[in-house]
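What follows is a short report on a single structure.
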Amino acid sequence: METTYSLKKLIKKLGKHQFSLLLRIILDRIPVIVIGSDYNEIDNLINGLIKLAPHRHEYVFWSDFVEPEEYLQLCQEEEDDFNIPRNIFCSPSNASRHIFGRIDKLKGWIIGFDISNGITKEDILINIKKYEDQFLIIQIESNNLTLKLYGINNGMDLDFEKKIIDKSIQKTEVALEKMKRVLKKKIKSTPSNEIMTAIMRFDSEEEKIRMNIFIQEIQTFIQAGMRSLAILSRIDLLRELGFKEIRISGKTLLQTIDYNEVNSDRILQLIKAEYGVDFSPCIKGGKIVQIGDKIDGLWG
């Protein structure tokens, strides 16, 4: 079933800031709990949220895996190999009651709960807090989406996520305008207003273009993180071998990976979320390092 929660609809419903917050939560692999009283609506939203992480490998609880041993194996495979896509786990509303007692950590999960069948929001919160200190609740109510953070500072840096929204909107508008311009040039006679309006409508194409641009931006960000991982893991290895003085400045890191959409702190946060590794000791922003990096750059 095609999701009714397209990228455009999510941005429209949530607004730029709230959508950016949601995207950051998903990128950081913080659990997202969807609560509502209509299981179709819940599951449709879950499908829409999964599409916001096109770089992840999706596994569906109660379908792709059931037993704790299967889940632990999937997590272990991810930890053992940095070259495979990170996992995103989802649980449709009819399966989520089976999570508790089977799964002991919910990193990277999107879970749906139908509260029309007896379970309450308070019950859900009590159970989730047994496993995770940080998570996001999305409540579907009267066709509105309400977001509430638990255990997370609301002052998160959302500059990158807001850039993605702006780019997806702007580049989509440019692409559509080019398509309309070509059509207008090819039309020799003037059709009726109704025909012209129908020809110039690109509703379905607009969403596909917008989503393609969004995916490209996310993938480019993740690839920048992978290049950073390759560099920083080697610096970290040298430091473990006794070369404690070896560090790299944030500026040089961004120049090396050829990516300037975020600062080096955001790259470190991405690596921490994706791979569970903290490389902050490998980066130094001191003036001496910056001067050395500048000199090195003259030879590049």
Side-chain angles (χ1 to χ4, degrees), residues 1-14 16 18-32 34 42-61 63-65 74-75 77-78 81-92 106-112 136 138 145 147 156 158-172 175 204-230 257-259 261-262 266-267 269-276:
M1 179 186 296
E2 186 176 353
T3 176
T4 57
Y5 284 94
S6 64
L7 177 61
K8 182 178 181 179
K9 183 175 180 179
L10 279 170
I11 295 173
K12 184 178 180 180
K13 271 187 168 293
L14 293 172
K16 185 175 181 178
Q18 290 285 82
F19 177 83
S20 298
L21 175 62
L22 170 62
L23 179 57
R24 176 66 194 261
I25 292 295
I26 291 175
L27 289 175
D28 284 356
R29 307 182 78 185
I30 295 170
V32 177
V34 180
I42 296 167
D43 293 346
N44 280 337
L45 178 54
I46 290 174
N47 289 335
L49 298 181
I50 290 169
K51 294 182 185 300
L52 300 182
H55 57 297
R56 302 254 167 82
H57 190 116
E58 177 189 353
Y59 289 102
V60 181
F61 177 61
S63 175
D64 295 325
F65 67 99
L74 293 174
C75 293
E77 289 172 356
E78 176 187 275
D81 190 352
F82 283 172
N83 294 313
I84 63 174
R86 307 293 89 185
N87 299 324
I88 184 168
F89 301 100
C90 71
S91 176
L106 300 175
K107 179 180 179 180
W109 279 71
I110 300 176
I111 308 170
L136 172 70
I138 305 179
L145 303 181
L147 274 58
M156 301 174 76
L158 303 176
D159 288 346
F160 170 70
E161 289 73 16
K162 290 179 179 178
K163 279 183 182 179
I164 288 185
I165 296 174
D166 291 338
K167 281 188 175 183
S168 65
I169 293 174
Q170 293 165 4
K171 289 185 177 182
T172 300
S204 60
E205 291 83 0
E206 177 184 356
E207 180 54 33
K208 290 176 183 177
I209 293 169
R210 190 189 307 272
M211 194 63 195
N212 284 337
I213 293 168
F214 174 85
I215 290 172
Q216 289 171 9
E217 293 295 329
I218 293 291
Q219 294 285 17
T220 302
F221 178 50
I222 298 302
Q223 289 163 11
M226 293 176 68
R227 294 194 296 275
S228 299
L229 175 68
I257 65 174
D258 193 22
Y259 190 75
E261 295 296 325
V262 297
R266 187 70 176 89
I267 290 291
Q269 291 161 8
L270 169 64
I271 294 174
K272 177 70 173 177
E274 289 288 288
Y275 306 103

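Positions are given from 1 along the sequence. Nothing here was measured: the structure is a model prediction, and the numbers come from that model. We use all heavy atoms of the structure for the numbers below, so side chains are in, but hydrogens, waters and symmetry mates are not.
Atom CG of D81 has more than 12 neighbouring heavy atoms from other residues, nucleotides or ligands inside a 6.0 Å radius. Within 6.0 Å of the NZ atom in K162, the count of heavy atoms belonging to other residues, nucleotides or ligands exceeds 12.
The closest side-chain heavy-atom distance from L270 to L27 is not below 4.5 Å. The shortest side-chain heavy-atom distance between L52 and L10 falls under the 4.5 Å cut-off. In this structure the side chain of L22 never reaches within 4.5 angstrom of the side chain of Q18, judged on heavy atoms.
Exactly one residue among Q269, R86, R56 makes a side-chain hydrogen bond (donor to acceptor under 3.5 Å, both in side chains) with E274. That residue is R56.
Ring pair Y275/F82 is tilted by interplanar angle, where 30° to 60° counts as tilted. Using the six-membered ring where Trp is involved, F160 and F221 have ring planes that are tilted, between 30° and 60° apart.
Rounding to the nearest 0.5 angstrom, the gap separating the CG atom in L23 from the CG atom in L49 is 10.5 Å. A distance of 12.5 Å separates CD in E261 from CZ in R266, rounded to the nearest 0.5 Å. Going from atom OG1 of T4 over to atom CG of D43 covers 10.5 Å, rounded to the nearest 0.5 Å. A distance of 11.0 Å separates CZ in F89 from CD in E58, rounded to the nearest 0.5 Å. Rounding to the nearest 0.5 Å gives a distance of 11.5 Å between OG of S168 and CG of N212.
The minimum heavy-atom distance between I26 and A53, with the atom names listed, is CG2-CB, 4.0 Å. Scanning all heavy atoms of the two residues, the minimum distance from I271 to S228 falls at CD1-CB, 3.8 Å.
A salt bridge does not link K107 with E78: none of the charged nitrogens is closer than 4.0 Å to a carboxylate oxygen.
Under the 6.0 Å distance and 45° angle rule, K9 counts as a cation-pi partner of Y5.
A donor-acceptor pair under 3.5 Å is absent between the side-chain atoms of E161 and the main chain of L21, judged by distance alone. The backbone N or O of I257 sits less than 3.5 Å from a side-chain atom of R227, completing a donor-acceptor pair.
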**OP:** Kindly determine whether L145 and F19 satisfy side-chain contact (heavy atoms from CB on, under 4.5 Å), including the steps that lead there.
**Re:** CA-CA 11 Å; L145 303 181; F19 177 83; over 6 Å; no
